[in-house]
Every structure is written in structure tokens, then in C-alpha cells.
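Working notes for the structure below.
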Amino acid sequence: MPPRSRDRPARFTTRARRGDVTSDSTDEELLLRFRDGDAGAFELLMRRHRATVFTFLARLTGDRPRAEDLLQETWLRVVAAAPRWEPRARFRTWLFSVARNLATDEARRAVHRRAEPLDDPPGDGLPLAERLPAGDPGPERAAASGELRPKLLEALGSLPLPQREVFLLREQAGVPFAEIAEITGTPLPTVKSRMRYALEALQRRLLELGVEPPAASGSTGT
Amino acid sequence: MTHENARELLLDLAYGELSPAEARAVEAHLAGCEDCRAERDRIAATRQLMQGLGEEEPPGGERILLAAARQAVERPRRAPLFSWVRFATGLAILMIVGGVTMELLSARRPAVDDAEERYAERSAAAPAPGLTLEAPPVQRAPAAPPLAAAPPVQRAPAAPAYAAAPPRAKEERQARPADESASAPGDEARAAEPGGIPMPSPGAAGSASEVAVARPRAAGVAPESKGASAGPQAAASLREGAPGVGFSRQAAPAPAAAPAASRAEAADAERALPAREPARKVASRDEPAAAAGAEGAALVAEVTRLRDGGLLNEARRRPEPCPGGDTARLAWLDGLGVARRFARTGPLPAAMGAGEATRDQWYDTQGRLRYAVIEGEGPEGRFRRRILLDPAGAVRSEDPPGGAPWPRADLTLRDPAAAFWAPQRCTGR
């Protein structure tokens, strides 16, 4: 009889009562509740993160249909892995790792890939002429931004992948630098370097595209 | 705080990652350093601009996820075996928890790609016209034969059991008794289900159980666990999506991707067993082509009936164009992502000249290729060949040779859904 993992019975139990989780529950609490049989906890978890992960995937890959697939695949893996979840790693770290690795795997095999390994030393990557995310910005956003949005996307798309992913994780997904280091498997100083390069490159590109910087303010937001 | 230090920390300050004491120190420096203030302002300005992008609207497809989640909790899962072998997800977890390097991740490719690559290599080496349908060879080492039992069990808690069913027989799951804990070989040795292609039962059962003994058990959770309920439910939501033209506007394809990956890896395992290697030679070229035609037509009719009945959804892809790659793919997928039909169109091999070929492949309920039609046009004219295979993958009959040359078969013997979703294989020729 082949050996079985006896560490933990990987079963969804039915101990949990519905309604015990709230929107104040942490990700890890929700995931554990899901593991313990509360599908509603998964729904909360999904609604909490789905748009962020999708935005990350869409702007990382520059390919909305592919990002949709990757998004679905990512969340299905969450469902699959929940029974074995051990709260050693932060959920968000794991979630973005899965998403990023799925996207990276595909990118590595894609024929359009120029020779650009994801673990480039900062500044050495060639800017990729990636397609822009084809997402529909929605009526209000389109109206408000006029021509701004395509330029923003163009600038983002001009970033090399290592810089782009760091920028997306920190700026758009709100992931701290140390966690980004975990997700991408790069050292923390490298992460910060890439962020600096990303911001510089964005600033340059936006200027080239004729985007006016907003009036300088005395304070910085977070 | 020195100028250099403060400069280094401007990023952390901007993103609120400094302790209050550190932040105060940096701010104090900023008060007296115009350079740093300018840099701080540049960072802020760029951020403010880019924030105008907001978030992307996520696609639909939540229903499938919620359905998968509900099914996952409603049905207790078996303890999975060898789960680490099977899924790249496990490796993603391992990276966090166990510090495994990306090497493993990149070594893990869908089994279909590997098998087809090797098949392509061998066929290229022996470019005789006609059919050599060989089983893909034993998997190479990095994929780790599943027979080498003892997976790193200490990792198991972190390694997720993948949510895909065993690649075969979703119908069988209905018939399965509430025997969740048994990961018995009998799982695989199920007899043909009603309505499927009549298979030589003893042979199928025998060979299937032979496989199952050594084969890692799939973690049987979730979306597929209730075959009956999943089918109509998933099928219903599949149908809501865009009708198959264009790619992945429906939520459905992604669940196919998920199970498909596991099926690919299950097939992985299967190919690692030398006992399964089917005959290398074409059984007999002299068999009447009528057999190929009639039996093939029966399978096509059966699968088409499923499609017409709404149990199979059509998905199409236009993969990224590249030399030697497919220009179009089509699959008929059931609610669990199993493909019964997989067709791909692509250019002829460069050695043949300009032209195009379509391989229209039809699969039994066990996911095995049973019937294939290869047709297209080459420099010397149109060709059309029909091939019938037995469950072991050996050619049972095919159209007699003659007519315009046709490309080596390059068929997808197993895991058509995985092949459908797989990235392009670009030969660069």
C-alpha cells in the first residue's frame, strides 16, 4: 500500500457553523474556516482579493483573456489547497505567489517572449513592447481620463517585467516590500532597487508621452 | 541621519514602511535637503499619476469558483497520496514554506508537451511516411516516477492536494460507493460506463488496474466530486458564456485548465510505467479502412450527440502565432473540463512544404484518443487520413496509404484538454 500522508487528514470537516466569519476576519481566519467547512468564508475571501489579483495579472501579462484564465486557475488552486492549509505563510503571499508563478510559467513558454528572464538584475532588462491590457475601463473612468489611461498603461507596459511586477505588487496590490521579496523570490534590496527603477522609468515615460505631473505637494500619501 | 541613508529610505517613507522613529528621522533630513525633497515629490507625483489607473474589473466566473468551493466542503476528501508529485501548485507552496527553488517549477511541464516534444523528436528522426504511433517514453527523472514511493511527506501539510479528479471517469464517481478513504486501485479499474464507446472490458479493466496500482492517487476533491450535480450546473454556466467563438470569455475554460493540469500529471505517472507501453508498430496496415470509418463514425456520432445535448461546450483558441505553432484549436469540453474532441490546425512541417493540416481527434470517456482524422492540403494536394486506435494507443486500423503525402501524425494521445490549454509549441521552422 503506498504511503499516505498522515500529518493531517486533508478533509473538509463540517464543524464550522455558517455565519461565524465576518468581514473583519483575517484572510487566514477565513481560509481556516473554509477548510473547516464554511464555503461562505471562501466567498468572502474571494471577493476580498479577486479584483486585486486580477488587476495584477492583467497588467503583468498585458493580456486580459489570459489573465482571466490565470485568475480562475489561481483561485481553483486555492480551493484545492485549502484542506491542507497550514497557517505558516500569509495567505496573501501565497495567493500572489501562485498567481505570479502561473503567469511566469506561461510567459516563459510563450513564443513572443524576448530573452528576458524574470530574475534580471535591475536595469538590465530590455523594455518589453508588451501589448497593453485590453481591459474595458468602464464608462466613468474612460470619460474622466480621456487619453490619460492609455498612456498610463503604455508607460506601465514599457517597464521590464521584473520592475513591473514589483511596481504592481507594491503600488497596486499594496503588498509591502518584504512580502514582495518572498513572492518573487528576490532579496529585499533588489526589490527596492527595482521599485526605484520602475518609478524613474515611469516618470520618464510619462513625460515622453506628454503626461503632466500633478502639482507637487508637500506631503506624501501611502 | 545621513543624506545617503535618508535617500535610501525615501521609498519606504513613501509607502509607510518606516517605524515612527525612522520616519521622523527621515522627515527631519528632508526639512533641510532640497534634493531629497525633490525626489520625494517625484515619487509622489508618479504614484499619483499611476493611481489613476484604478483596478481592473474582474471577469465573471465567480459562480464556478463558488460552486467548486461548495462542493469541496460538502464532500470530505480522501487523504491524497503522492500529492506532491502531481501539481505545480504544490511546488508553489513549497517555495514559500520549504524554500524549494524555481528549478523544480520550471522542470514541471505539462506531460503532454514533454511527450509530444519527444514524439516529435523521434518522428523527425524517422521521417518515413505513414504512422508511427508510439507511447511517449518513460518520463525523465525530474518528473520523478511515482513508483518511487515515499514522497517528502514532511512537506505534505503544505503541499496542497490538487482539486482535480482522477483523469478518467467522472461518470464512475456516481457509481462509486461512499468509499472515500479507500484509494484503491479499483478506482481506475472501472468498467465502461453506459453510453460510452464499447471498450474491450476485460482488457480495459485489467490494464487500468495495472496502472492504478502504481499510479498516484489524485486528490479527489471538489469540482468534479459530484459528477451528476456538477455536470448540469457547470454546463449551465458554461452555456451562459460567449458561444465559443474567441477565447475564454466564459468562465468554464479555466476549470478545465485546472483539472487538465492534474490529468496531465496523472498521465505523466501513467507513462512512467513501462508496462503500459503499447506496441510500437502499426498493427496492420492491411486492415480494411472500413473499420476505421465505421467505428470512428460511431464515436464521432456519440460525442456529437453529447454536444448537441448541451453536455459538451465548445471552446476555441487562437494561440499566439508562431512558426510551427497552431493557428487554431478547438475542444469540446464537458462540465468538468474533460475534452472529448480536440482539433488543432497548424502549418505543415517545413520539410513538407507550404500547407496546413488539421488534426481532429476524438476521445473516449477515459480520455484516450480513439479516432483521429488528419486532413489538409500540402504542395502535392489534399490529404485525408483516418486513424482508429485501441485503448492502449496502438493503431487498429487506418486508411490505406496513397494519395498526397500527409504529415506525421503528431497526435495527442491523452489529456486533450491539457493540450488544448497548453501554450504553443513553436518549432521555429
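This is a predicted model, so every value here is computed, not measured. Residue numbering restarts at 1 for every chain, and letters A, B, ... go by the order of the sequence lines. All heavy atoms count here, side chains included; hydrogens, waters and symmetry mates do not.
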So do L199(A) and R47(B) actually touch side chain to side chain, heavy atoms under 4.5 Å?
yes
So do the side chains of E17(B) and R170(A) get within less than 4.5 Å of each other, counting heavy atoms only?
yes
Sidechain N-carboxylate O distance under 4.0 Å for R47(A), E62(B):
yes
Could you tell me whether E55(B) and R50(A) have a side-chain N and a carboxylate O separated by less than 4.0 Å?
no
Heavy-atom distance under 4.5 Å between the side chains of L53(B) and T55(A), does that happen here?
no
Would you sort out whether E43(A) and R70(B) count as a salt bridge (Lys or Arg N to Asp or Glu O under 4.0 Å), showing the intermediate values?
CA-CA 10 Å; E43(A) 181 167 356; R70(B) 273 195 295 276; 5.3 Å; no
L206(A) versus chain B, the contacting section by heavy-atom distance below 4.5 Å
side chain
Do the side chains of E200(A) and R42(B) get close enough for a salt bridge, i.e. N-O under 4.0 angstrom?
no
When rounded to the nearest 0.5 angstrom, what is the spacing between CG in L148(A) and CG in L49(B)?
7.0 Å
Under a 3.5 Å distance rule, please check whether R196(A) uses its side chain to pair with a backbone N or O of E8(B) as donor and acceptor.
yes
Does Q72(A) reach the main-chain N or O of G61(B) with its side chain, forming a donor-acceptor pair under 3.5 Å?
yes
Just by distance, no angles: are the side chains of E171(A) and Q51(B) close enough, under 3.5 Å, to form a donor-acceptor pair?
yes
Taking the side chain as C-beta and beyond, is there a heavy-atom pair between P59(B) and F54(A) under 4.5 Å?
yes
